[in-house]
Amino acid sequence: MTKSVWVSDVHDGAHDGENVELKGWVYRTRGSNKIWFLVLRDSTGIVQCVIKKSDVGEDCFEELKSALIESSVTLFGKVNVDERAPGGHEVVISSGKIIGEVNPENPFPITESAMESSDGGETEFLLDNRHLYLRTNRMTTMLKIRSSVFGAIHSYFRNLDFIEYQAPNFVAGAVEGGSTLFEVPYFPNEKNPERKAYLTQSWQLYAEAAMPALERLYTIAPSFRAEKSRTRRHLTEFWHAEMEIAWGGNADVMAHGESLVRNIASTLLDERSDELISLGRDIDLVSRYADNPYPRIRYDEAIETLQGMGVEIEWGQDLDYSKEKILTQDFEVPHFLTHYPRIAKPFYHRPDPDDPKYVLCHDLLAPEGYGEIIGGGERTWTEKEILERIDEEGTPREPYEFYIDVRRFGGVPHGGFGLGVDRVCSWLAGAEHIREVIPFPRDSRRVTP
RNA sequence: GCCGCUGUAGCUUAGUGGUGGAGCGAUGGACUGUUAAUCCAUAGGCCGCCGGUUCAAAUCCGGUCAGCGGCGCCA
């Protein structure tokens, strides 16, 4: 049953003149009643198969001719170098059969016309038929790019001896102050009829608990946000790559963030440049993101810049997307924004000892309007400071007792960041919408298929 | 939570008050090398749903449902 010949190997010339067995799905067909061209698709590409009635016989010819788009087939034939074939290689078939048929009364719904006006985007029809849309060239390409991004993140951290570490997805309280959490009934009982758990928004608090044990740790895991965001960069379930290091400050964490993102860009150039080109992505742009340093700008400078441009913004306000967009429109590479006002950020950010009006934090803003891809910084790490900050925010202490304990037993300076993996995929692939880079996107209005 | 836009055949769409058209796909036929093949024919429509105006509604009005886009929030 195992498959040994892949379409990409046929095009690479690995089987020229050989008899091979091909397994795959019908991509397109055309022809006459004497010669039939079946373009076969597998996970590595497409190849033209030539079926002549005189070679395969009447019965086989009629069977293969009846195979509709996305029928699965096995074909035997000889690999032939022929300039008339798309890609330069074709397979002249000697026999073959349909494995899984497609009923003519219910043909494969993802047609050329279904994708025609979508512009790589996401029509209602394509979203409803996502499970079938995955088989198309565009989605397959996106998923391959996504795989390389995940691989690059694992390689980056493992090469530096980071330990991959998993936190629970059911949690008792919020990480972000005031953000909306998904509630899940969690074994309510007589004592506690309303008992609930929440889906995690971040691995961070649990990573900090393991920081004194592992010192360098990372994860790639889903995070959940119950905000009804309707934008091209939000999902309710997204993949979060997070890291935490002991004995590191804001600048150290930022250095990792920069290296990681540049590493992802260069990995894509190595492994997926064909795919990027097929999506129409400008390779020079991706090279620029891989090769150039990412500047750091303090919050105060950003505010001054914006005010100088005539934007109405006051010191102390967080930078929303509309401001980010104005700020980043002239950026050629991602920029870090650092030292936000303490009042704009949650309690776990450490106040700057040089000026406690600010916290030691950073956001990494991607160019081309893709916005924030990293949020991170140095953590509040003494018991005194963390209690002070929790209280000043009005956050209850109880759910965070385990977190405060980290400071009570040998606290050390430490920090980390979270990177939105889907956002990075979307940005580097040049996607129109973050939904394009995840197989089954979840947003506030859609949980199916 | 707020603002905007769109629902016509399986898909993409034309149709501003008077018997709903096309392309793709499907089916049948023709064609010996096609490149999204081509040509001929056939089938396929509660014009999202409910109500109203009118002699007459896909078309005008009200409501409703669904979807999409944007803002706030963030990765």
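Naming convention: chains lettered A, B, ... in sequence-line order (proteins, then strands); numbering from 1 in each chain.
- Under 4.0 angstrom from either OP1 or OP2 of B:G70 there lies at least one side-chain N or O belonging to A:Arg232.
- Centre separation under 5.5 Å together with a plane angle under 30° holds for the ring of A:Phe238 and the six-membered base ring of B:A75, marking them as stacked.
- For A:Ser322, the side-chain atoms get nearest to B:G72 when compared with the rest of B:G72, B:G69, B:U34.
- With a 6.0 Å cutoff to the six-membered ring centre and a 45° limit on the axis angle, A:Arg233 counts as a cation-pi contact of A:Tyr321.
- The A:Asn33 side chain lies nearest to B:U32 when the options are B:U32, B:G10, B:G33.
- Projected onto RNA chain B by closest heavy-atom contact, A:Leu68 and A:Glu372 fall at different nucleotides, the more 5' of which corresponds to A:Leu68.
- Between the C1' atom of B:U6 and the CG atom of A:Leu126 lies a distance of 16 Å, rounded to the nearest Å.
- Considering only the side chain of A:Ser113, B:C11 comes nearest among B:G70, B:C11, B:A75.
- Taking side-chain N and O atoms only, A:Arg446 has no distance below 4.0 Å to OP1 or OP2 of B:A66.
- Using a 4.0 Å heavy-atom distance criterion, A:Glu90 is classed as a base contact.
- Using the Watson-Crick or G-U wobble rule with both distances under 3.5 Å, B:G7 pairs with B:C65.
- As judged by a 4.0 angstrom heavy-atom cut-off over every strand, A:Arg445 is placed among the base-contacting residues.
- Considering only side-chain N and O atoms, A:Arg30 lies under 4.0 angstrom from the phosphate OP1 or OP2 of B:A37.
- In this structure, A:Glu324 places its CD atom 10 Å from P of B:A75, rounding to the nearest Å.
- In this structure, A:Ile374 reaches the sugar-phosphate backbone alone: every heavy-atom distance under 4.0 Å involves primed, P, OP1 or OP2 atoms, never a base.
- No option in A:Phe417, A:Phe162, A:Phe336 other than A:Phe162 meets the ring-ring contact (aromatic ring centres under 6.0 Å, His included) test with A:His256.
- Residue-level contact check: A:Ser66 touches neither bases nor backbone, having no heavy atom under 4.0 Å from any strand.
- Side-chain proximity of A:Arg230 to B:G69, B:C74, B:A75: nearest is B:G69.
- As judged by a 4.0 angstrom heavy-atom cut-off over every strand, A:Lys52 is placed among the base-contacting residues.
- For the pair A:Arg298 and A:Tyr340, the cation-pi criterion (under 6.0 Å, within 45° of the ring axis) is not fulfilled.
- When both distances must be under 3.5 Å, the Watson-Crick or G-U wobble mate of B:U59 does not exist.
- One interatomic measurement links the two molecules: CH2 of A:Trp203 to P of B:A75, which rounds to 15 Å at whole-angstrom precision.
- Atom CD1 of A:Ile35 is separated from atom P of B:U38 by 17 Å (rounded to the nearest Å).
- B:C71 is paired with B:G1 under the criterion used here, namely a Watson-Crick or G-U wobble arrangement in which both key atom distances are under 3.5 Å.
- No side-chain N or O of A:Ser229 forms a donor-acceptor pair with one of A:Glu227 less than 3.5 Å apart.
- Other residues, nucleotides and ligands contribute at most 12 non-hydrogen atoms within 6.0 Å of the CZ atom of A:Phe170.
- Shown here, B:U13 forms a base pair with B:G21; the pair counts as Watson-Crick or G-U wobble because both key distances fall under 3.5 Å.
- Using a 4.0 Å heavy-atom criterion, one finds that A:Glu105 contacts no nucleic acid atom at all.
- Between A:Lys228 atom NZ and B:C74 atom C1' the separation is 17 Å, expressed in whole Å.
- Checked by distance alone, A:Gln48 brings a side-chain donor or acceptor within 3.5 Å of a matching partner on the base of B:U34.
- Contacts of A:Asp320 with the nucleic acid, taken as non-hydrogen atoms under 4.0 Å apart, involve only primed sugar atoms and P, OP1 or OP2.
- Counting non-hydrogen atoms under 4.0 angstrom, A:Gly375 reaches the backbone sugars and phosphates but no base.
- In this structure, of B:C74, B:A66, B:C68, it is B:C74 that holds the atom nearest to the side chain of A:Arg233.
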Does the salt bridge (charged side-chain N to carboxylate O under 4.0 Å, His left out) test come out yes or no for A:Glu244 and A:Arg379, once each step is laid out? CA-CA 10 Å; A:Glu244 198 72 31; A:Arg379 315 303 187 195; 2.9 Å; yes
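- In the set B:G72, B:G33, B:A37, B:G33 carries the atom at the smallest distance from any side-chain atom of A:Phe37.
- Counting non-hydrogen atoms under 4.0 angstrom, A:Asp422 reaches nothing in the nucleic acid.
- The residue A:Leu235 sits close to a base: some heavy atom pair falls under 4.0 Å.
- With hydrogens and angles left out, the side chain of A:Ser229 and the base of B:C73 share a donor-acceptor pair within 3.5 Å.
- At the heavy-atom level, A:Phe125 lies under 4.0 Å from the strands shown only through sugar-phosphate atoms.
- Across every strand in view, B:A30 sits in a pair with B:U38 that passes the Watson-Crick or G-U test at under 3.5 angstrom.
- Comparing B:G25, B:G33, B:A75 by their closest approach to the side chain of A:His240 singles out B:A75.
- Phosphate contact (OP1/OP2 of B:C68, side-chain N/O of A:His433, threshold under 4.0 Å): absent.
- Within the 4.0 angstrom heavy-atom criterion, base atoms lie near A:Pro86.
- Ranking B:A75, B:C74, B:U12 by closeness to the A:Ile434 side chain, first place goes to B:A75.
- Atom CG of A:Asn159 is surrounded by more than 12 heavy atoms from other residues, nucleotides or ligands within 6.0 Å.
- In this structure, A:Asp443 places its CG atom 16 Å from C1' of B:A75, rounding to the nearest Å.
- Between A:Trp315 and A:Asp300, the side chains place a donor N or O and an acceptor N or O closer than 3.5 Å (distance only, hydrogens not considered).
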